[in-house]
Amino acid sequence: MTAPSLAKSRGFDAATVRRLLPVYGVYVALAVLVLFNIAWTDNFLAWNNLRIQLVQVTPVVIVALGMALVIGTEGIDLSVGSVMALGAALIPLYLGYGMIPAIALAVVGGVFVGLVNGGLVAFVGLQPIVATLAMLVAGRGIALVVSNGKYKDIRDKDFLAIGTDAFLGVPYTVWIAAVLAVVVGFVVRRTVFGRRLLAVGDNRAAAQLAGVPVKRVLITVYVIAAVLAAIAGVIQVSRIGSADASRIGLLIELSAITAVVVGGTPLTGGKVRVLGTVAGAFLMQLLTATMIANNLKDSTAQMVQAVIILVAVYTARERRTR
Amino acid sequence: MSASDAPLLEVVGVSKQFPGVRALDDVSFTLRAGEVHALVGENGAGKSTLIKVLTGVYQPDGGDLRHLGKPVTFNGPLDAQAAGISTIYQEVNLVPLMSVARNLFLGREPRNRFGLVDVARMNREAAEILAGYGITSDVRRPLGLMALGAQQMVALARAVMVDARVVVMDEPTSSLEPREVETLFGVIQRLHERGVGIIYVSHRLDELYRICDAVTILRDGKLVHTGLIKDLDRLQLVSHMLGRPMSDVRKAGFTSFGGEHSAAGGKPVLRCADLNSRHKLTGISFEVLPGEVVGLGGLLGAGRSETIKAVAGALPLDSGTVEVDGTTLRRPNPVAALKAGIAVQPEDRKAEGLALGLSIRENIALAVLPRLSTAGVVSERKIDKIVETFISRLRIKASGPHQRVGDLSGGNQQKVLLARLLATGPKVLLLDEPTRGIDVGAKAEVQALIDELAAEGLGVVLVSSDAEELVEGSDRVVVLRDGAVAGELRGDEVTTEHLMNVIATAAS
Amino acid sequence: MTLVAEPKLEKAEAASLRTERIVELVQRQGALAVLAIVLVVGLVAYDDFRSFDNAGTILVSAAPAALIALGMTFVIITGGIDLSVGSLYVLGGVLAAWASQYGIAAAFAVPLAVCGLFGLVQGLVIAYARLAPFIVTLAGLLGARGLMLALSDEGGTTYLVDPGAFKDFGKGELLGVKYAVYLVAVLFVVGMVTLYRTRFGQSVYAIGGSEDAARLMGVRIRGTQIRVYVLSGLLAGLAGSINAARLGSGVTVLGTGMELDAIAAVVVGGTLLTGGAGTLGGTIAGVLLLQVIQNLINQDGGVSSAWQTVISGTFIALVVVAQTYLAKLRRVASG
Amino acid sequence: MIDLRGRWRPALAVLSASALLLTGCAKSEDDPAAKSTADSSAAAQATKSASAGGSTCDLTKFGGQKVDLKTATIGFSQSEKEANPFRIAETQSIKDEAAKLGIPAANLKVTNADSKFDKQITDVSTLIDQGVQLLVIAPLNSDGWDSVFQKASSKKIPIVTIDRKINAKHCTDYLTFIGSDFAEQGKRAADKMAKALNNTGTVAILLGAPGNNVTTLRTQGFKEQIAKVAPNIKIEFEQTGQFSREEGQKVSEQLLQSKPNINGIYAENDEMALGAITALKGASKKAGDVKIVTIDGTKGAVQGIVDGWISSVIESNPRFGPLAFGTATKFFSGEAIPENIIISDREYDSTNAAADLGLAY
């Protein structure tokens, strides 16, 4: 929106607000929360604090990016948390070969789960929620089996540096998330795959008849989501310094889905808002941070969160004019 | 029925406003007992809105609604149903997963003395009622497993089952075949005799003149004409609908096909040989020459749409070959078919044709994305170019290329779909009911376009339930029956009479 | 089309109808069939599995899960989903234990009222604000858990069930089977009658099958939606209640992942997540199946907890894949 | 149905290849800490108060039958996945002791409730159905065992609960509780904290999982004792770290930003403390800047003392095997068993951490 159009804001009536809210609602909410924190939370604007928020939000952002793509195809991926655990569990297993092979294998683990998810959805025709629910259960099991049920401490300096060191003052993990967000944004907006993905999400039968390789698109989407989740798992391991398959990524699917939906991507598919998703993840992160910083009780925190999710999703919902 | 003169249903000066559109503007309409009242107009004229006001789906912004002379307000479909108004919609609006009987009785199931649904009685009664409509299949089966026409019959049976005083029929014949249409007309006759008022919406002029007493014409949300249908000839009716002078309409005729195409001969651009698919197709063979329009005739369920899908690679084949320009498709699937130059326009444009939530631009470019991109990255410039070309060539009316396709009128949606097909630079066009559910003006444009494309040398396969359209638009007609070829009409044989003849003899 | 072709196709159609029926039966009762197989395997392989006591353990353990799955079946048939049930289950238990000091009636009534109200709010939001059930009940999951923590002093206080009628209900047996099992059985019968033989039940199927069609056919969409979420909330609260009676206290560390277990049981039982089709018989079979498998893993005793989850996940996938395959077969058979 | 020809072969290949890769040829880092765990008798539990004035229970009072442990069926119900050192050591200790006593592996039936309380109740019921003659339970929660007691007492099966107590009637519902006094652990942690901070400062608590008796008691004990011995220490922050390292780290990171004046962190288990250390490192704090007191006594935490990050660790000894089986043997031989067998937990601080590292688990 340019300045002149704001100037003649007589046209800025209820209808305009209604039209713009789904798109910009999440940013408004984010701004409100930031203002609240500036006013009430100590040291909020300190760079260190912002850095911590950025670092903590990265896993959710990365997972949510994949989730947004899956939701764009009218699917859902509940298995991301387990894939994170699997990626995490694979790291210590192969760190003996060095950092790169270990990360590569964690990614291969993600590809593996993604292929299974995608295969179940595309070829067998399972409901995404069921297919990935099965993988949610089995995936963590596999992660535990792989890691022998125990967590492992990591000592590889290079690997730990990913989680602790920074470039230009910004931690590597944040760079990684930013690059991934840009790449996903580019994929959605500018690539054949992105367009096809949206068409599949909007109308699968039509996409099929228009010559879109629907199955390949679906499988690719689930593979991407799983790979992103595995990367998030790797980052988490490097940050914590230990790979705990029973804990890593627990319930992250819910945070990711919330971030995506709050960001204005409808669960009905056919639309992906990458920037909105990132903003949605920040909103949820800032929300928890605010509540921890102000030492709210867990019970209050959860109830407040519930209400805010509802309000955010309500404003972000699509209003169809008929 | 009492001899009261009060009309069954009356709307006076009703208006209905939607964001940006005035769908109904001071419209009045009267339905009397025993009257079959045609409601006509182009798409977007306000017919559907008026029907929804009458059936309680919408509440009008202004004006009165009177039932048997008394003012009423319907707050929902239930209120209208309670007042004896039943509706049959164009697209079958029943629940496919529920059994036929449960669909028939939904909301008014017979109950036993414990207040529970009496399933045995319900099934028995359902079977009896449907037998009256010529349907003898098991009423306990899910409705979705029945043929479309039969489903429409169930919807009809449901609508008139109760003591309906008013029955609204929104294009009821669009998915019926001739025999079923006759059954429907029989039912309408019976209702007429019982004094039931019928509001009949249809694009098919023949039907209107056959069964209707009165006609109301809407255009752009306004009432244009209302009166007895016998006082209005066809040309007058069409000119009222289109808002064009009579002379223009006369020149154009009923369909806009120009007649014979100069199929210069040469090698067939499409050759299908012995297509077989279990339960659906048996030994279908035909060929299409460049510049030729080949019609696929036959009753609904005869295998027309299935044949189209099979050629387009969307229906798995047990055996048979599809050959385009002399090259046989190795593995029939939509991607391969498209690559070979086959473009298909499916019968149900909303379910299988368009991504309604996406823009015109995305829809047109969808099938040719690889061509408009380098290394998987699309070129916006190339897309813009191709989209602009087709928007102007097909005269797609929209606020711009970024408008959502779902917000367009049916005719423009169909054009977007055709634009997508043409953008692929096809050699063969498969058109399944290209003019169904679009208004008269758009229909003419689409028909003219088909002619034009054939003239450019494309092979066209045309499926249409509208016998006139099929006959006037095609150079040859291949008639199907029970998933097999029953006969072929060539040259002078391509007339409605011959077509009916082949279908009739084939069906016996 | 039927009018034309009926007489000729009769024979072929009769045959394909028969195939269709068989496939449909297997698909509907697939969970039951697998359950039977698993039971036979268990009976043959493990001595202790055969005991009457073990059957009782399976039934009584399955009781709360069965109640939750009962409500979930209604919700899923309408095409919705309810993620809040796990939290409502814990909340219901805490409330029941607290209320037991005022007698057995209060111990049942308070959780029912609160959880029913929770369901009502969710139903209202889903029906009127038209938000996706997934998100609404996800918020409900957080909200109900927060409420439970607030009531129990951040989980620090565990209310004990007062000795009295409510506690006796938890302990009581008839013919060696706990009262709760009878209660669940009765509720399932009531549920089946409601689902198959009342207009409300018909509306549930109609909405899930096609919301637009149902609306035009005069079904009260919002009313039905609200009612299924209330029902689901009530049943989750009741499940919490009977569990509190059994455990003798309002345990606060329960219920995580319960919603996913319930969804899995319902889906394994042959109910489509897309809505419009499903049976309560299948749901019972699904609940028991998951419980029996767990029991068999325990009987074996040699399976590590990591492998247990792998087995459960794979099993869910296999059953659902088999069902999808059968559904396809059915469509083919029906031509 | 599933069409896996042509183009999909690569996918299939990747699937099988990755499956192969994931299973075979793993190579982890060299593990210097993988020296044999000091399973010396020094690490075993020691009884602190075996008969601290409470009632006792013997075979006649309980009404059970004499059982020979060597041939008996014994059930052990573990509450959480053996993913953290405490649970690993606990289960291992039970199994090792059983083997030592010559109990055949088939007679020791082990279940794991995977942190689901419902499942633990069912697990124990199943164990009872299987005819176990002795139950060792590591309960997930202290309340909610009525149905189990009802079943077990009708069959007169003695129940030994370890590490967490069950709130129930001694000698009718269960035989004895073996474990630490959690409130006492909290109090000892408070003493250590007071000492480390010289009785003044601001302290944050990383709470355990909410709704857990361990959390409740460790918090309660700590707060009471701080109020008593060091009223000048203010507790300014209490947030749950869910007993996990990841959450502990996250919460500590937030804490260090919003309350930079914090001098001490009391973590209710070692995992959260280790998370807090990572957070401190991330905030460029040096070892000792913030005093950390924690409970459990895992190797990682004791190493933390050696490295200077942690002030002291109160042990919660998980090696219940010898004591549990020893108590059961005594009971079946007719001896009276006290209601609570409280073990004496070690504590580690800078004076003994390096030397006693081998005792940690």
Side-chain angles (χ1 to χ4, degrees), chain A residues 76 78-79 82 116 120 123-150 245-246 250-251 254-255 257-258 261-262 266-268 297-314 316-320, chain C residues 81 83-84 87 121-122 125 129-155 256-257 260-261 263-264 266-268 272-274 304-325 327-328:
Chain A
I76 206 154
L78 297 182
S79 71
S82 301
V116 173
L120 287 175
F123 285 114
V124 186
L126 282 195
Q127 284 266 315
I129 192 170
V130 182
T132 55
L133 172 64
M135 214 53 211
L136 158 80
V137 180
R140 192 166 294 274
I142 296 171
L144 285 164
V145 169
V146 164
S147 65
N148 212 1
K150 293 168 190 163
S246 67
L250 218 53
L251 295 181
L254 298 183
S255 321
I257 293 168
T258 313
V261 175
V262 166
L267 281 174
T268 43
K297 281 185 183 165
D298 208 32
S299 56
T300 329
Q302 294 202 16
M303 286 189 279
V304 170
Q305 226 172 336
V307 171
I308 289 187
I309 290 176
L310 276 187
V311 172
V313 175
Y314 181 76
R317 83 197 198 282
E318 290 284 319
R319 269 161 265 235
R320 285 268 160 88
Chain C
I81 202 155
L83 300 181
S84 69
S87 298
V121 173
Q122 298 188 131
V125 174
R130 308 208 50 79
L131 296 186
F134 191 95
I135 289 293
V136 174
T137 55
L138 175 60
L141 179 155
L142 289 173
R145 189 163 287 273
L147 185 59
M148 182 276 291
L149 286 176
L151 287 177
S152 63
D153 188 22
E154 303 304 307
T256 21
L260 295 182
D261 291 348
I263 294 169
V266 172
V267 170
V268 165
L272 296 181
L273 263 175
T274 34
S304 80
S305 61
W307 277 107
Q308 286 183 21
T309 38
V310 179
I311 293 172
S312 323
T314 315
F315 190 80
I316 294 172
L318 283 182
V319 172
V320 182
V321 167
Q323 272 170 358
T324 317
Y325 179 63
K328 269 189 194 159

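Not measured: the values here are computed from a predicted model. In what follows, chains are A, B, ... by sequence order, proteins preceding strands, each numbered from 1.
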Discussion item. Just so I know, are the side chains of A:Ile257 and C:Ile135 near enough to count as touching, which here means a heavy-atom distance under 4.5 Å?
Written reply: yes

Worksheet item: Non-hydrogen atoms of chain C under 4.5 Å away: do they reach the side chain of A:Leu251, the backbone, both or neither?
Response: neither

Worksheet item: Is there side-chain contact between C:Phe134 and A:Ile129, with heavy atoms separated by less than 4.5 Å?
Response: yes

Worksheet, complete the sentence: Heavy-atom nearest pair, C:Thr309 first then A:Gly141, reads OG1-CA, 3.1 Å

Response to the item:
When every non-hydrogen atom of C:Leu149 is compared with those of A:Gln302, the smallest separation belongs to CD1-NE2, 4.0 Å

Discussion item. Looking at chain A, which one of C:Ile316, C:Leu260, C:Thr314 has the largest number of heavy-atom pairs inside 4.5 Å, strictly under?
Written reply: C:Leu260

Worksheet item: Measuring heavy-atom distances to chain C, does A:Leu133 have an atom under 4.5 Å in its side chain, in its backbone, in both, or in neither?
Response: side chain

Worksheet entry | Under 4.5 Å from any heavy atom of chain A - which part of C:Val136 | both

Worksheet item: Rounded to the nearest 0.5 Å, what separation is found between the CD1 atom of C:Ile81 and the CD1 atom of A:Ile76?
Response: 8.5 Å

Response to the item:
The interface call for A:Leu310 against chain C, heavy-atom contacts under 4.5 Å, is both

Worksheet item: With only heavy atoms counted, which part of C:Ile311 is less than 4.5 Å from chain A, the side chain, the backbone, both or neither?
Response: neither

Worksheet item: Checking heavy atoms, do the side chain of C:Leu273, its backbone, both or neither come under 4.5 Å from chain A?
Response: both

Worksheet item: Taking only residues two or more places apart in sequence or in another chain, which ones pass side-chain contact (heavy atoms from CB on, under 4.5 Å) with A:Ser147?
Response: A:Ala89, A:Ala245

Worksheet item: Where is the tightest heavy-atom contact between A:Ala306 and C:Ala139, given as atom of each residue plus distance?
Response: CB-O, 3.1 Å

Discussion item. Does any backbone or side-chain atom of C:Thr274 lie under 4.5 Å from a heavy atom of chain A? Answer side chain, backbone, both or neither.
Written reply: both

Discussion item. The criterion is side-chain contact (heavy atoms from CB on, under 4.5 Å); which residues satisfy it with A:Ile308, sequence neighbours excluded?
Written reply: A:Leu287, A:Val304

Worksheet item: Which pair of heavy atoms, one from A:Leu267 and one from C:Ala132, lies closest together, and at what distance?
Response: CD1-CB, 3.6 Å

Discussion item. Can you tell me how far apart CG (C:Asp153) and NZ (A:Lys297) are? Round to the nearest 0.5 Å.
Written reply: 6.5 Å

Worksheet item: CG/C:Leu138 to CD1/A:Ile309 distance, rounded to the nearest 0.5 angstrom?
Response: 5.5 Å

Worksheet item: Under a 4.5 Å heavy-atom cut-off, does chain A meet the side chain of C:Leu147, its backbone, both or neither?
Response: both

Item to complete: With a 4.5 Å cut-off on heavy-atom pairs, point out which of A:Ala134, A:Ser246, A:Ala143, A:Ala301 contacts chain C the most.
Response: A:Ala134

Fill in: Under 4.5 Å from any heavy atom of chain C - which part of A:Val313
both

